[in-house]
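Note on naming: letters A, B, ... go to the chains in the order of the sequence lines (proteins, then strands), and numbering restarts at 1 for each one. Everything numeric here is computed off the predicted structure, so don't read it as measured data.
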Protein chains: 2
Amino acid sequence: MTDDYTPPKVWSQKGQNGGQFASINKPTAGAQFDRDLPVGRHPLQLYSLATPNGQKVTIMLEELLEAGHDAEYDAWLIRIGDGDQFGSGFVAANPNSKIPAMMDHSVTPPRRVFESGSILVYLAERFGAFLPADPTARTEAMNWLFWQMGSAPFLGGGFGHFYAYAPVKIEYAIDRYTMEAKRQLDVLNRHLADNRFMAGEDYSIADMAIWPWYGQVVAGKLYGDAATFLDAGIYGNVRRWHDEIAARPAVQRGIMVNKTSGEPSEQLWERHDASDFQTRTQDKIGTD
Amino acid sequence: MTDDYTPPKVWSQKGQNGGQFASINKPTAGAQFDRDLPVGRHPLQLYSLATPNGQKVTIMLEELLEAGHDAEYDAWLIRIGDGDQFGSGFVAANPNSKIPAMMDHSVTPPRRVFESGSILVYLAERFGAFLPADPTARTEAMNWLFWQMGSAPFLGGGFGHFYAYAPVKIEYAIDRYTMEAKRQLDVLNRHLADNRFMAGEDYSIADMAIWPWYGQVVAGKLYGDAATFLDAGIYGNVRRWHDEIAARPAVQRGIMVNKTSGEPSEQLWERHDASDFQTRTQDKIGTD
């Protein structure tokens with residue numbers, strides 16, 4: 001119980017609000033400056049950053065390549081802290097100004113695909129991969145994919161924000177979102193007690209969507225000491241599933257793409273060719 | 001700036017937290033008591049409540065029927081305030097314990113479909129309706145459907161909670177989520193300046209997903225005085241689109257199904273036959 005604020009009848013902005021990402025938050029949408037997006041040589045052009053939502057798509061693209069599909073792509077870096085997502089080219093690709101956004105240049109005019117979940121479905125259907133063919137298993141994969149899209153805003157925008165990023169620690173908000181994050185982890189933990197992967201026996205886009213958020217938070221990769229705070233050790237089935245997926249070579253490559261933080265050995269700022277992972281030198285990583 | 005709370009190293013529950021819906025929030029998942037779900041005579045069995053997420057699906061089912069598809073269904077009431085979603089039958093249909101959940105009894109064993117977005121895609125694919133056939137328009141519908149799933153937790157779980165439901169008014173949280181709700185409304189308003197519907201010329205499941213949340217908040221149907229607080233009059237394109245969809249007979253029927261609040265003339269607690277809308281008497285509404 002922290003406040004006795006009385007809201008006005010009509011809200012108005014009072015300067016910046018929101019901690020670490022405050023400068024990129026506004027109550028309006030649309031382009032803020034003119035800037036075209038770069039276009040490389042492959043049909044699939046990705047504009048992204050290695051947040052969990054970005055990692056979903058680079059994991060999928062690397063899994064497709066690993067499985068022999070012709071899913072070559074260019075991955076361009078969008079620095080959301082610098083406001084790249086408000087350039088006119090990016091807004092044309094995604095009017096919501098969030099990463100990831102993808103353009104498919106195999107059709108004319110190029111087709112835009114935005115929202116990480118939509119990109120995963122698009123790629124799964126385009127290549128016929130990572131969505132089960134069996135109708136019941138396919139439905140289950142779609143159930144869990146949509147579950148991730150509707151649930152993670154409570155983990156990221158809610159728990160992550162109030163626990164790690166907000167400029168003040170608000171007990172009510174931390175309690176609200178911690179309880180929900182733990183409930184969601186328990187949903188997964190119970191499901192993964194009886195299932196190897198989210199849709200059953202087959203690894204699918206549902207796993208690729210859920211792993212970067214819930215897998216990584218249990219493994220201690222997100223939000224500082226959050227794994228301790230959430231008592232993540234009790235979610236043993238989630239951890240078992242995390243570890244199996246983390247060992248996949250495509251996942252190990254996918255999480256590096258468009259990554260600009262952490263150890264230099266974990267970073268590949270832009271990806272334009274499969275050989276970029278092998279020849280990853282300082283100039284491929286880029287310089288700040 | 002409202003608090004100087006220091007979180008513990010490991011979180012623990014301190015009694016109930018969360019205002020109006022506090023009693024149904026827990027940090028664990030799973031069934032809390034044994035109760036089978038009822039099953040009616042139609043292949044599609046819906047277990048829901050007329051919140052915006054519930055209304056998406058009843059609008060879709062009524063639109064399918066209006067268009068001549070054989071989408072007859074039974075809609076059973078799940079009173080989330082009473083905890084119906086924690087019964088063993090409901091948890092088997094949706095391990096996330098949220099409405100809506102659907103069982104398709106046209107296959108053996110019956111197939112579960114949960115998450116409103118997944119149900120919309122499932123019905124669109126099963127009946128070949130309300131997802132455009134053109135690949136670019138279909139992709140655009142999926143983009144916006146996933147946009148709704150990832151965005152509305154900020155409108156409902158964020159703005160709606162802190163503005164209308166939380167037991168205290170926390171200025172920081174209200175400002176955070178109001179700014180995001182307004183940004184999202186501006187995204188829609190700009191898109192609908194150039195598009196009759198979300199995916200272009202064709203009304204689709206993207207409209208059915210977005211309308212119950214963003215259409216109804218602009219029209220003053222959600223969260224008390226929220227339309228005034230959000231200055232909803234500036235989103236004229238959203239209002240135009242809301243009004244066109246609100247006039248559709250299937251929408252007018254869909255929003256009544258599983259509705260237990262508001263005027264008695266707006267309520268149909270359960271729906272088992274198309275004639276229920278015409279013969280809607282007090283016993284069809286139900287009694288508390």
Side-chain angles (χ1 to χ4, degrees), chain A residues 1-7 9-11 13-14 17-18 25-30 95-96 107 111-115 117-118 121-122 135-136 139 142-143 146-147 149-150 153-154 157-158 163 166 168-176 178-180 182-183 186-187 190-191 225 228-231, chain B residues 1-7 9-11 13-14 17-18 25-30 95-96 107 111-115 117-118 121-122 136 139 142-143 146-147 149-150 153-154 157-158 163 166-176 178-180 182-183 186-187 190-191 225 228-231:
Chain A
M1 302 302 113
T2 56
D3 213 343
D4 58 355
Y5 170 63
T6 301
K9 270 190 83 65
V10 183
W11 182 82
Q13 192 171 12
K14 309 181 271 284
N17 170 285
N25 292 327
K26 289 183 193 295
T28 52
N96 195 43
V107 293
R111 183 180 293 149
R112 73 181 187 187
V113 197
F114 61 88
E115 288 290 328
S118 186
V121 171
Y122 185 84
T136 294
T139 301
M142 293 292 281
N143 291 343
F146 277 104
W147 176 86
M149 293 294 289
F154 292 86
Y163 177 74
V168 285
K169 302 291 185 212
I170 301 172
E171 183 171 5
Y172 175 87
I174 291 172
D175 283 345
R176 166 177 168 75
T178 301
M179 181 154 65
E180 174 64 3
K182 287 179 69 68
R183 189 193 67 79
D186 197 35
V187 168
R190 289 163 186 264
H191 184 67
D225 295 325
T228 301
F229 190 68
L230 295 168
D231 196 14
Chain B
M1 303 303 111
T2 54
D3 213 342
D4 58 355
Y5 169 64
T6 301
K9 272 188 83 65
V10 183
W11 182 81
Q13 191 170 13
K14 308 180 270 285
N17 170 285
N25 292 328
K26 289 184 194 296
T28 53
N96 196 42
V107 293
R111 182 179 295 147
R112 73 181 185 186
V113 197
F114 61 87
E115 289 290 328
S118 187
V121 170
Y122 185 85
T136 295
T139 301
M142 293 293 280
N143 291 343
F146 276 104
W147 175 86
M149 293 293 290
F154 292 86
Y163 177 74
V168 284
K169 301 293 184 209
I170 301 173
E171 182 171 5
Y172 175 86
I174 292 172
D175 283 346
R176 166 176 168 77
T178 301
M179 182 152 66
E180 174 63 2
K182 286 179 68 70
R183 189 193 68 78
D186 198 34
V187 168
R190 288 165 187 264
H191 183 68
D225 295 326
T228 301
F229 190 68
L230 295 167
D231 196 13

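- The minimum heavy-atom distance between B/T136 and A/R111, with the atom names listed, is OG1-NE, 2.9 Å.
- Both the backbone and the side chain of A/V187 come within contact range of chain B, with heavy atoms under 4.5 Å apart.
- Contact record, B/T139 with A/S118: O-OG, 4.2 Å, taken as the closest heavy-atom pair.
- The part of B/V121 that comes within reach of chain A is its side chain, from C-beta onward, which places non-hydrogen atoms under 4.5 angstrom from that chain.
- In this structure, the side chain of B/K169 engages the main chain of B/Y163 through a donor-acceptor pair within 3.5 Å.
- Note: A/G117 leads A/G117, A/G158, A/P95, A/G150 in heavy-atom pairs under 4.5 Å with chain B.
- Looking only at heavy-atom pairs under 4.5 Å with chain B, the residue among A/D225, A/V107, A/L230, A/V10 that has the most is A/V10.
- Across all their heavy atoms, B/P167 and A/Y172 have their closest contact at CD-OH, 3.3 Å.
- Using a 4.5 Å heavy-atom cutoff, the side chains of A/R183 and B/N96 are in contact.
- Residues A/E115 and A/M149 have side chains in contact (heavy-atom distance under 4.5 Å, counting atoms from C-beta outward).
- Interface summary for chain B: among A/E180, A/K182, A/H191, the most heavy-atom pairs under 4.5 angstrom belong to A/K182.
- If you measure heavy-atom distances from A/F114 to chain B, the contacts under 4.5 Å come from both the backbone and the side chain.
- Contact count against chain A (heavy-atom pairs under 4.5 Å) is highest for B/T178 among B/I174, B/T178, B/D231.
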